[in-house]
Amino acid sequence: MITFDNVTKIYNTNVGLENASVNIDKGDFVFLVGPSGAGKSTFIKLILKEIDADAGSIIVDGDEVTAMSNREIPDLRRKIGIVFQDFRLLPKKTVYENVAFAMEILHRTKRQIRKKVPQVLSLVGISDKADKYPDELSAGEQQRVAIARAIINNPTVLIADEPTGNLDPDTANDIMDLLNQINMTGTTIVMVTHAKDIVDRMQKRVVAIESGHIVRDEFGQYGYEEENDIREEVFDDE
C-alpha cells in the first residue's frame, strides 16, 4: 500500500529523511512517532507529494509517487483522506454541508450525496448533528465531522495528523475507537502522534523516526519513556 525505498529528503543542510525504507501493507494501522523535527512531517508530505524526494522510491497504492507528473497528483490525493488536529471545518457550512462538500468537489451527483452523507454521519455517531454548525459542536464532535469528511469518498489511506491533540482524554479515546473501527473495514491508517498513552493502549504498529532515520518499526508501545519524553511537544517538524 505504502512503500518507501531508501528515500532521502534534504532541506538545505537539514535532513528531513535519509535512506528511509518502510513498507505499510493494506489494512495496517501505523503510529508515526518521534521528537519534534524528526521527520514525521516530511514523511507525510512525501506521501501526498507536497514535496519531492531527492532520492529513492515511494509507492502509494500501486502508483510511483516519485515519478508522478503534476497532473497526476489530484488522482493520488483522491485516494487519501486526511484528518487534522485543528479540524479545519468550514465555519459557515453545516455538518451535512461540510461532509457533502468533499463529494461535491469530486462532482458526485446530488443523489449520491443524499445517500452517502447520512450513512457516514451515522458511522461516526453524529447523525443528530447534521444541521448544526461547527461552532455549535464540542471538539470531539468537530473531529467526528472531520473524520466523516475524510472518509466520505472511500479513501484507501487515511492520514491522521495529531487527531487527538485538542481533545480531553475520554474524547480522545472515543476518537481512537472510531479510527480503529474504520481501520477494521480495510482502510489503511497512518497516524502521527505524540500521545504516549494512546499508543500504549492501542498496541498497534509503531514506526519511530529520529533525525530523519527510521529507528524502530514494531508492534507495541510508544517507547520513549527513557530516551525522549515528548508528550508535551507540539507537532511541527519543519
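If you read the sequence from its start, that first residue is 1, and numbering goes on from there. Just the heavy atoms: all of them, side chains too, but no hydrogens, waters or symmetry mates, feed the values below.
Between M176 and M202, the shortest heavy-atom contact is O-CE, 3.9 Å. The shortest non-hydrogen separation linking T42 to G16 is OG1-CA, 3.8 Å. Closest approach of N19 and T8 over heavy atoms only: N-OG1, 3.0 Å. Closest non-hydrogen pair, T66 versus A53, comes out as CG2-CB, 4.1 Å. Here the closest non-hydrogen pair linking V192 and P163 is O-CD, 4.0 Å.
In this structure, V157 and I2 have side chains that are in contact, with non-hydrogen atoms separated by less than 4.5 Å. Using a 4.5 Å heavy-atom threshold, the side chains of V124 and L178 count as touching. Proximity of T109 to R114: side-chain heavy atoms (C-beta onward) are nowhere separated by under 4.5 Å. Two residues are said to be in side-chain contact when any heavy atoms from C-beta on lie closer than 4.5 Å; N153 and L106 meet this criterion. Contact annotation: the side chain of V65 never approaches that of I59 to less than 4.5 Å [non-hydrogen atoms, C-beta and beyond]. Side-chain contact check for L76 versus M68: some heavy-atom pair is nearer than 4.5 Å. Here the side chains of P134 and N98 are in contact, with some heavy-atom distance below 4.5 Å. When side chains are defined from C-beta on, E72 counts as touching S69, because their heavy atoms get closer than 4.5 Å.
Looking at D5, its side chain never comes within 3.5 Å of a backbone N or O of S21 through a donor-acceptor pair. A donor-acceptor contact shorter than 3.5 Å links the side chain of T188 to the backbone of G27. At distances below 3.5 Å, at least one donor-acceptor pair connects side-chain atoms of Q203 with backbone N or O atoms of D200. At distances below 3.5 Å, not a single donor-acceptor pair connects side-chain atoms of S122 with backbone N or O atoms of S127.
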Inset, instruction - Begin from the C-alpha positions of I113 and Y96 and carry the test side-chain contact (heavy atoms from CB on, under 4.5 Å) through to its verdict. - result: CA-CA 10 Å; I113 293 171; Y96 183 99; 3.9 Å; yes

Inset, instruction - Carefully, step by step, assess D63 and K79 under the rule salt bridge (Lys or Arg N to Asp or Glu O under 4.0 Å). - result: CA-CA 11 Å; D63 294 327; K79 300 179 180 182; 2.6 Å; yes

Inset, instruction - Please report the C-alpha distance between L121 and V99 in whole Å, then the side-chain angles of each, then the deciding distance to 0.1 Å, and finally whether the side-chain contact (heavy atoms from CB on, under 4.5 Å) criterion is met. - result: CA-CA 8 Å; L121 292 181; V99 178; 4.0 Å; yes

Legend entry - Candidate pair V199 and M191, rule side-chain contact (heavy atoms from CB on, under 4.5 Å), full reasoning: CA-CA 10 Å; V199 176; M191 176 172 160; over 6 Å; no

Legend entry - Chi angles and distances behind the side-chain contact (heavy atoms from CB on, under 4.5 Å) call for H194, Y222: CA-CA 9 Å; H194 63 263; Y222 192 91; 3.9 Å; yes

Inset, instruction - Start with the C-alpha distance between T171 and D174, add both sets of side-chain angles, then the distance that settles side-chain hydrogen bond (donor to acceptor under 3.5 Å, both in side chains), and finish with yes or no. - result: CA-CA 5 Å; T171 303; D174 289 342; 5.2 Å; no

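A distance below 6.0 Å separates the ring centres of F4 and F43.
There is a side-chain donor-acceptor pair under 3.5 Å between T3 and N23.
R77 CZ to I159 CD1: the interatomic distance, rounded to the nearest 0.5 Å, is 10.5 Å. Taken to the nearest 0.5 Å, the OH atom of Y133 stands 6.0 Å off from the OG1 atom of T94. Summarising the geometry, atom NZ belonging to K26 is positioned 4.5 Å from atom CE belonging to M1; distances are rounded to the nearest 0.5 Å. Atom CG of N173 sits about 7.0 Å away from atom CG of D197, to the nearest 0.5 Å. Separating the CZ atom in F31 from the CD atom in Q221 is a distance of 12.0 Å, to the nearest 0.5 Å. Note: T193 OG1 to L32 CG = 10.0 Å, rounded to the nearest 0.5 Å.
By the 4.0 Å N-to-carboxylate-O rule, D177 lies close enough to R201 to be salt-bridged with it. A salt bridge is absent between K40 and D161; no separation between the charged side-chain nitrogens and carboxylate oxygens falls under 4.0 Å. One finds no salt bridge joining R205 and E218 here, because no Lys/Arg side-chain nitrogen approaches an Asp/Glu carboxylate oxygen to under 4.0 Å.
Hydrophobic clustering, with ILVMFWY side chains joined whenever heavy atoms are under 4.5 angstrom apart, groups V30 together with V22. Residue F101 is not grouped with residue M103 when hydrophobic side chains (ILVMFWY) are merged at heavy-atom distances under 4.5 angstrom, including chains of intermediate members. Clustering ILVMFWY residues whenever any of their side-chain heavy atoms sit less than 4.5 angstrom apart, transitively, puts V7 in the very cluster that holds Y11.
Other residues, nucleotides and ligands place more than 12 heavy atoms under 6.0 Å from the CG atom of D135. Within 6.0 Å of the NZ atom in K116, the count of heavy atoms belonging to other residues, nucleotides or ligands exceeds 12. Atom CG of N70 is surrounded by 12 or fewer heavy atoms from other residues, nucleotides or ligands within 6.0 Å.
V120 pairs with exactly one of I147, I126, I151 by the side chain to side chain contact (heavy atoms under 4.5 Å, CB included) rule, that one being I151.
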